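For reference, the structure is listed below as structure tokens.
Ligands are counted one by one from 1 in listed order, and the atoms in each one are counted from 1 as well. Everything quoted here is computed from the prediction, not taken from an experiment. Below, all heavy atoms of this structure are taken into account, side chains as well, without hydrogens, waters or symmetry copies. Positions are given from 1, in the same order as the sequence printed here.
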Amino acid sequence: MRKGYLRKMPSDPSATAFANPNIAFIKYWGNRDEALRLPVNGSISMNLDGLFTRTTVSFQPSLPFDELIVNGHDVTGPGLERVSAILDLIRGMARIEEQAEVISENNFPSGAGIASSASAFAALALAAGKAAGLELSERELSRLARRGSGSAARSVPAGFVEWRAGTSDEDSFAFSIAPPEHWALADCIAVVSAVHKKTGSTEGHALAGTSPLQAARVEDAPRRLDICRRAILERDFEALASAVELDSDMMHAVMMTSSPALHYWQPASLAVMQTVRQWRGDGIPACYTVDAGANVHVVCPEKEAQEIATRLRGIAGVTDVLTARAGGPAKLLEKNLGD
Ligand code: PMV
């Protein structure tokens, strides 16, 4: 970029933002465009209150390269490159060249197997945009977050969120379908110790198309999205529960039948799923969903969460249970709001 076209940096080129992770009720699995992270199907999720990533971005003229510190540790290599790619998009939009220091912390244990990429890239997009002096809309922030991690698009808006697959970078973004207070649901995350290293979702998405079941999963996605969206709007737990479990099982069927095959469930994951199905048969409102890992997210009405968490702790192989209710949008920290 020619110097003459560069903008002056804002007077305080730093900002701090935080964002919740989210749990997908209808899953995103597979991209039609890997580089732009345009998904093959839409998805619906709930933000997880109380769990968050907090990220400070400061653009500094003296820095020769971007720097990334996560939970007190320097990150280099592919982790840094993924963050720099988002910073490059922001630098391009703001017409600045300064490199940035990015300091990020998660308040949830990294060993708990909750993907931090959703909250991390949502917080990064918001903090970096603000630090660069841009006024970005929620839609623009969701699109930017999507470029770092698809599910991060859904951690930008509040509460219950839908990400329409879209057809291009411009129209693939997430929006809120209901605020967090719309429905008092909770996610009780049954942490299950995994014995082998899992394949990350970025590699997993690239394998989805190798499964002969993926086409059927994608073809049926609009139907599941309709059922899930309506169940949320009407607060119909039974309808939500069957759509959520079906969608999780369909994604894992695709994972297990891709080449190479991805098997994320552990014996304890299966034990939790079976128990939850049995509880529901006995009239206890709870349903399960599993991401690209062994932990089982048990979704239930908030008033049942304490009892369900206690029962989950009693299942052999469950090492911990974290509980979260529906969370708000990605936010700038107070001191930056008036800038
Ligand atoms: O955003 P990614 O690339 O980490 O993919 C997320 C994939 C799942 O968590 C398995 C499903 C989802 O929609 O969150």
Distance under 4.0 Å to a non-hydrogen atom of Ala24: what atoms of ligand 1 satisfy this? 12 (C), 13 (O), 14 (O)
Examine His205 against ligand 1 and note whether any of their N/O atoms are separated by less than 3.5 Å. yes
Does one hydrophobic cluster hold both Val272 and Met256, with members joined at side-chain heavy-atom distances below 4.5 Å? yes
Would you check if the distance from the ring center of Trp163 to the ring center of Tyr28 is below 6.0 Å? yes
Pairs of nitrogen or oxygen atoms closer than 3.5 Å, one from Asn22 and one from ligand 1: do any exist? no
Do Ser149 and ligand 1 have an N or O pair less than 3.5 Å apart? yes
Which atoms from ligand 1 have a heavy atom of Gly150 less than 4.0 Å away? 1 (O)
Do the ring planes of Phe25 and Phe160 sit parallel (below 30°), tilted (30 to 60°) or perpendicular (above 60°)? tilted
Please check if Ile26 and Leu233 belong to a single hydrophobic cluster, counting links between Ile, Leu, Val, Met, Phe, Trp and Tyr side chain heavy atoms closer than 4.5 Å. no
Indicate yes or no for a side-chain donor-acceptor contact from Asp171 to the backbone of Ser168 under 3.5 Å, with no hydrogens or angles considered. yes
For Met251, the ligand 1 atoms with a heavy-atom partner under 4.0 Å come out as 10 (C)
Within one Ile-Leu-Val-Met-Phe-Trp-Tyr cluster: Met251 and Val40, side-chain cutoff 4.5 Å: no
Provide, to 0.1 Å, the distance between atom 11 (C) of ligand 1 and the closest protein heavy atom, together with that atom's residue and name. Tyr28 O, 3.4 Å
For Ala292, the atoms of ligand 1 under 4.0 Å from one of its heavy atoms are 10 (C)
Verify same cluster id: Phe237, Ile227 (apolar side-chain graph, 4.5 Å): no
Contact check, side chains of Val290 and Asn295, non-hydrogen atoms, under 4.5 Å: no
Distance to 0.1 Å, residue and atom name: give those for the protein heavy atom nearest to atom 12 (C) of ligand 1. Arg154 NH2, 3.4 Å
Closest non-hydrogen protein atom to atom 9 (O) of ligand 1, residue and atom name please, with distance? Asp291 CG, 3.4 Å
With a heavy-atom distance limit of 4.0 Å, tell me whether Ser151 approaches ligand 1 through its side chain, its backbone, both, or neither. both
Polar atom proximity, Ser201 to ligand 1 (N or O, under 3.5 Å): yes
A student checking ligand 1 against Ser117 at a 4.0 Å heavy-atom cut-off should list atoms 4 (O)
Neighbour count >12 (heavy atoms, 6.0 Å) for atom CD, Glu219: no
